[in-house]
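To start, the structure itself, in structure tokens.
Hydrogens, waters and symmetry mates are skipped; everything else that's a heavy atom, side chains included, is used.
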Amino acid sequence: MHQSIDLAVAAEELGADGAYYRVHHFARQLASPFPLLAAIGARTSRIEIGTGVIDMRYENPLYMAEDAGAADLIADGRLQLGISRGSPEQVIEGYRYFGFEPKDGDHATMAREHTAVFLRMLEGEGFAEPNPRPMFPNPPGLLRLEPHSEGLRERIWWGAATRATAEWTAEQGMNLMSSTLLTEDTGVPFHQLRAEQIQRFRDAWKAAGHEREPRVSVSRSIMPLVSEIDHAYFGNERRSTDPVGMLEGGKARFGKTYAAEPDVPGQAARRGRGRGGCRHVAADGAQPAGRRLQRGADRERAHARGPGARLALTRQSARSPAVMTTATTTASTGDIRRHSITAATATPTV
């Protein structure tokens with residue numbers, strides 16, 4: 001936990017735009033994000049702070065809204081919460097241990113139902129009948145959950161792994177978080193499939209009639225090789241391509257992983273500029289110019305030399321400020337400060 005806070009502080013010192021954290025129950029990493037987000041909010045002053053993602057199958061949406069409101073107020077309105085149905089779990093149907101039983105076994109629908117309640121709570125409308133003899137004086141009318149943080153509702157992101165889910169995300173008025181994989185394969189390269197997903201999200205957003213401009217986050221994986229252990233675990237990723245595999249019983253297409261010494265991924269990005277419908281940008285660690293930093297635990301490094309940190313550096317698109325690119329990487333706080341780690345980021349041309 002202390003390392004996670006230090007990483008966010010280091011990211012802000014270097015000029016990054018934010019710190020994002022993975023959330024996994026039953027794993028030896030972060031499972032309860034709001035105390036950490038509040039602590040980071042108290043130690044930083046500028047960067048956005050978020051998650052990628054909170055599994056809504058596990059969440060009590062009312063309690064979550066209270067925690068989120070408190071953390072956002074501590075951070076002065078800098079929370080950017082990524083939520084979703086969740087990724088493959090450490091245990092079988094872990095949400096049942098938290099007291100949640102999906103109707104007809106449909107856990108995806110349960111996650112969306114929890115989300116609908118959570119979003120409604122964030123709107124701040126009163127819904128609870130006040131006690132005529134309360135312990136504390138009440139404002140008139142029905143009561144809402146407290147503390148309430150104005151504007152947090154517009155800073156909720158949904159991690160979508162399909163084109164259809166991206167459209168649903170837009171209909172709900174949430175921002176789109178597109179990861180390094182899509183749980184569908186149409187035979188086209190990953191960047192083309194993702195570009196179609198983003199375009200369908202934007203079309204659905206426009207059709208829904210939302211007034212504000214949505215935000216989109218896209219990801220690429222980068223592993224800077226700065227030690228022998230890095231080379232041992234991630235060196236083979238040098239030959240990475242956009243693979244097709246199986247995830248939870250279905251076909252999925254994964255984005256390529258970039259692995260090399262810190263200065264090489266940026267060179268590769270520059271060589272690939274404009275290729276395949278994406279504009280590749282290199283961002284040097286000494287001049288981050290609008291990066292985002294995302295952290296989660298890396299199991300291999302944790303087993304090798306204790307708790308490690310998995311980061312994702314991203315850059316906001318100069319052409320479209322609503323688009324942010326995320327490059328997942330592995331580094332320690334010292335790596336960030338010592339090395340000019342280069343992030344190759346890809347901005348879809350949709």
Between T162 and Q197, do the side chains contain a donor N or O and an acceptor N or O under 3.5 Å apart?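 Short answer, no.
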
Does a side chain donor of either Q172 or W158 reach within less than 3.5 Å of an acceptor in the other side chain?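 No.
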
Would you verify whether the NZ or CZ of R200 falls within 45 degrees of the ring axis of W205 while also being under 6.0 Å from that six-membered ring's centre?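 No.
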
[X] and [Y]: which non-hydrogen atoms are nearest, and at how many Å?
X    : Y    : result
Q90  : A27  : CG-CB, 3.6 Å
R144 : E125 : CB-O, 3.7 Å
G82  : M177 : CA-CE, 3.9 Å
A170 : F201 : CB-O, 3.3 Å
T51  : P33  : CG2-CB, 3.9 Å
A39  : I5   : CB-CD1, 3.8 Å

Interatomic spacing from [atom1] in [X] to [atom2] in [Y] - rounded to 0.5 Å:
X    : Y    : atom1 : atom2 : result
I156 : N175 : CD1   : CG    : 8.5 Å
L81  : M174 : CG    : CE    : 12.0 Å
Q80  : S217 : CD    : OG    : 10.0 Å
H231 : E237 : NE2   : CD    : 13.5 Å
M56  : T115 : CE    : OG1   : 4.0 Å
E171 : T165 : CD    : OG1   : 10.5 Å

Could you state whether L152 and F118 fall into the same hydrophobic cluster, counting links through intermediate Ile, Leu, Val, Met, Phe, Trp or Tyr residues with side-chain heavy atoms under 4.5 angstrom apart?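 L152 and F118: one cluster.
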
How about [X]: does its [atom1] atom have over 12 heavy atoms from other parts shown lying under 6.0 Å from it?
X    : atom1 : value
Y63  : OH    : no
F127 : CZ    : yes
N131 : CG    : yes
E228 : CD    : no

Any side-chain heavy atom of [X] sitting closer than 4.5 Å to one from [Y]?
X    : Y    : result
M223 : T257 : yes
W157 : L176 : no
M64  : I83  : yes
D6   : R43  : yes
I54  : F34  : yes
E113 : V117 : no

Ion pair present between [X] and [Y], side-chain N to carboxylate O less than 4.0 angstrom?
X    : Y    : answer
R215 : E48  : yes
R194 : E196 : no
R163 : E184 : yes

Could you check, using the six-membered ring where one of them is a Trp, whether F100 and H114 have ring centers closer than 6.0 angstrom?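 Here the rings of H114 and F100 have centres that are less than 6.0 Å from each other.
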
Check side-chain contact (heavy atoms from CB on, under 4.5 Å) between P102 and all other residues, then give those that pass, not counting sequence neighbours.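 Y95, R96, H107, M110.
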
Of H24, M1, H25, which is the lone residue that meets side chain to side chain contact (heavy atoms under 4.5 Å, CB included) with L30?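 Going through H24, M1, H25 one by one, the side chain to side chain contact (heavy atoms under 4.5 Å, CB included) with L30 is satisfied by M1 alone.
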
Enumerate the side chain to side chain donor-acceptor pair (under 3.5 Å) contacts for residues 69-79, please, sequence neighbours excluded, ordered by first and then second residue.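 The answer is T44-R78, D72-S149, D72-R155.
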
